[in-house]
Amino acid sequence: MRLTRGFIPTIKETPAEAQIASHRLMLRAGLVRQTSAGIYAWLPLGLRVLRNIERLVREEQDAAGAQEVLMPTIQSADLWKESGRYEDYGKEMLRIRDRHDRDMLYGPTNEEMITDLFRQSVKSYRELPQTLYHIQWKFRDEVRPRFGVMRGREFLMKDGYSFDVDHAGAVTTYRKMMLAYMRTFQRMGLKAIPMEADTGPIGGDLSHEFIILAPTGESQVYFDAAFEEMDYLSAGAGSFSHDKAEDLERFFKQMTTNYAATDEKHDTAKWEAIAPERRREGRGIEVGHIFYFGTKYTQSMGASVAGPDSKPFFPEMGSYGIGVSRLVGAVIEASHDDAGIIWPDSIAPFKAAILNLKNGDPACDALCESLYARFGGDALYDDRADRAGVKFNDADLMGHPWQIIVGPRGAAAGKVEMKRRATGERLELSPDEALARIG
RNA sequence: CGGAGCGUAGCGCAGUCUGGUAGCGCAUCAGUCUGGGGGACUGGGGGUCGUGGGUUCGAAUCCCGCCGCUCCGACCA
């Protein structure tokens with residue numbers, strides 16, 4: 001994308017309403033604009049990041065054997081009356097009435113709907129297990145939305161739902177999802193830690209929330225240094241596969257025996273049992289939450305299937321959520337400096353920014369154009385007539401992992417300068433070498 | 001939901017107390033110079049002062065209602 005043609009409205013001054021770093025930077029770098037309290041429009045740069053996060057989530061869900069569907073945002077109240085949650089959910093649920101005076105709602109979550117879809121079509125234990133997910137906008141009418149997209153009323157969530165024959169099967173699925181989550185967060189450059197959690201209105205008795213570490217996080221967290229050392233992506237010895245029961249067992253054991261707790265559940269005695277040099281504490285942001293809740297919905301909604309003995313039984317369910325739009329803010333909280341955002345390569349809106357320091361200089365223009373063409377759209381070309389300082393500042397603010405800096409001296413010598421945003425490291429290279437380095 | 005605050009140009013704000021021609025910085029447009037970390041000069045454009053009512057010769061300013069947004073606390077992907 002050419003910056004002169006792009007809709008990327010960066011702002012120099014801090015908007016008055018933005019209190020935390022990610023919100024401030026998302027507005028300043030032109031990722032989002034607020035349209036009303038807790039509701040945001042995603043601009044091209046922000047949308048590219050959102051789509052990249054979706055892509056990683058989708059890849060890991062698919063790899064773990066979940067299947068993607070897409071359920072509507074608007075639901076009929078009837079389903080929620082069946083499960084009993086229509087009354088329980090309270091004012092967080094946005095209730096709507098259609099022209100025929102039917103009670104509708106903007107979905108805050110989809111347990112009822114997925115259970116309804118399941119019971120319509122699945123009739124036998126032989127079709128189990130099934131895990132279905134979708135990535136869809138949700139609405140929860142928070143009393144006090146804040147922190148930009150981290151705590152909006154409308155937000156994009158990956159929510160998945162599993163159906164298993166029995167408790168053992170459901171627990172295996174739960175562990176599989178936990179592994180998929182750890183891999184997903186690691187790929188985004190985040191240190192995530194699963195922590196035992198309350199189940200809240202979803203119900204059930206086994207639940208973990210996934211907290212990522214960021215200095216500005218909302219809650220205080222305590223954990224064993226073991227979590228810092230874990231690698232969920234490697235293929236070598238000690239690696240984890242979704243498909244091997246013993247791997248999942250070993251993985252889950254490591255996740256649950258190493259100490260990890262938020263301040264609400266912090267256990268001082270257990271904490272002090274950890275060697276002092278292994279104790280870690282910091283601030284955390286919740287970016288995911290998984291639940292096992294058994295037959296709560298299959299039972300209340302009559303979703304039974306035939307077992308091997310031909311007798312009907314209620315499948316065991318779990319649900320698995322990742323706050324996709326929240327992650328955009330959470331990543332920024334975890335990765336920024338005074339100058340702006342520092343995107344991990346995996347979710348950056350562009351692989352690199354090309355900074356033409358002297359727009360109008362024939363050598364600079366020609367070199368930039370040829371570089372830009374070779375990126376095939378994966379670079380942001382700053383072709384504005386502005387001075388160098390403006391371009392440096394905007395590139396730092398937008399957080400591109402690499403900056404390819406083309407100035408008159410370098411261009412004359414056929415060289416470009418590369419700056420790595422995360423480290424500030426600078427290299428002088430030929431255009432070919434620069435492209436090779438970015439890959 | 002309890003408490004507090006703010007709505008004036010795209011953004012950040014002053015002006016409101018004490019009523020009298022709507023301002024400043026940045027951004028923007030045209031031009032000249034400049035050119036490696038938000039440059040300088042010259043000249044322009046842009047406002048139903050959130051909204052409805054009231055008081056007054058006269059309201060951004062005083063009074064009443066409404067709407068929107070933000071912050072603190074209790075609750076959450």
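Just so it is clear, the model here is predicted, and its values are computed rather than measured. Per chain, numbering begins at 1; letters A, B, ... match sequence-line order. Just so it is clear, the values below take in all heavy atoms, side chains as well, and ignore hydrogens, waters and symmetry mates.
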Under a 3.5 Å limit for both distances, which nucleotide forms a Watson-Crick or G-U wobble pair with [N], could you say?
| N | value |
| --- | --- |
| C17(B) | none |
| G68(B) | C6(B) |
| C24(B) | G12(B) |
| G58(B) | none |
| G47(B) | none |
| A77(B) | none |
| G36(B) | none |

> Hey, is F392(A) doing a stacking thing with G36(B), by the 5.5 Å centroid and 30° angle criteria?
Replying inline: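 One would not call F392(A) stacked on the G36(B) base.
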>> For C1(B) and K91(A) - does any side-chain N or O of the residue sit under 4.0 Å from the phosphate oxygens OP1/OP2?
In response: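 So the side chain of K91(A) is within the cut-off, an N or O lying under 4.0 Å from OP1 or OP2 of C1(B).
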Lys/Arg-Asp/Glu bridge criterion (N-O < 4.0 Å) met for [X], [Y]:
| X | Y | answer |
| --- | --- | --- |
| R153(A) | E92(A) | no |
| K138(A) | D159(A) | yes |
| R280(A) | E228(A) | yes |

> Which class fits the ring pair Y372(A) and Y381(A): parallel under 30°, tilted 30 to 60°, perpendicular over 60°?
Replying inline: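 Plane angle between 30° and 60°, so tilted.
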Please state how far atom [atom1] in [X] lies from atom [atom2] in [N], giving the value in whole angstrom units.
| X | N | atom1 | atom2 | result |
| --- | --- | --- | --- | --- |
| F147(A) | G73(B) | CZ | P | 8 Å |
| L27(A) | C11(B) | CG | P | 11 Å |
| L397(A) | A27(B) | CG | P | 15 Å |

From C-beta outward on [X], which listed nucleotide comes closest to its side chain: [options]?
| X | options | value |
| --- | --- | --- |
| Q34(A) | G38(B), C69(B), C75(B) | C69(B) |
| Q19(A) | C71(B), A77(B), G37(B) | C71(B) |
| R146(A) | G73(B), G38(B), A77(B) | G73(B) |
| L357(A) | G12(B), G36(B), G35(B) | G36(B) |

Would the base of [N] count as contacting [X] through its side chain, where contact means a donor and an acceptor less than 3.5 Å apart?
| X | N | result |
| --- | --- | --- |
| D396(A) | G37(B) | yes |
| R144(A) | C71(B) | no |
| R426(A) | G37(B) | yes |
| R151(A) | C75(B) | yes |

> Would you say the ring centroid of W137(A) lies under 6.0 angstrom from that of F155(A)?
Replying inline: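 W137(A) vs F155(A): aromatic centres not under 6.0 Å.
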> With rounding to whole Å, what would you report as the distance between G53(B) and A59(B) at their P atoms?
Replying inline: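 Comparing P positions in G53(B) and A59(B) gives a spacing of 13 Å.
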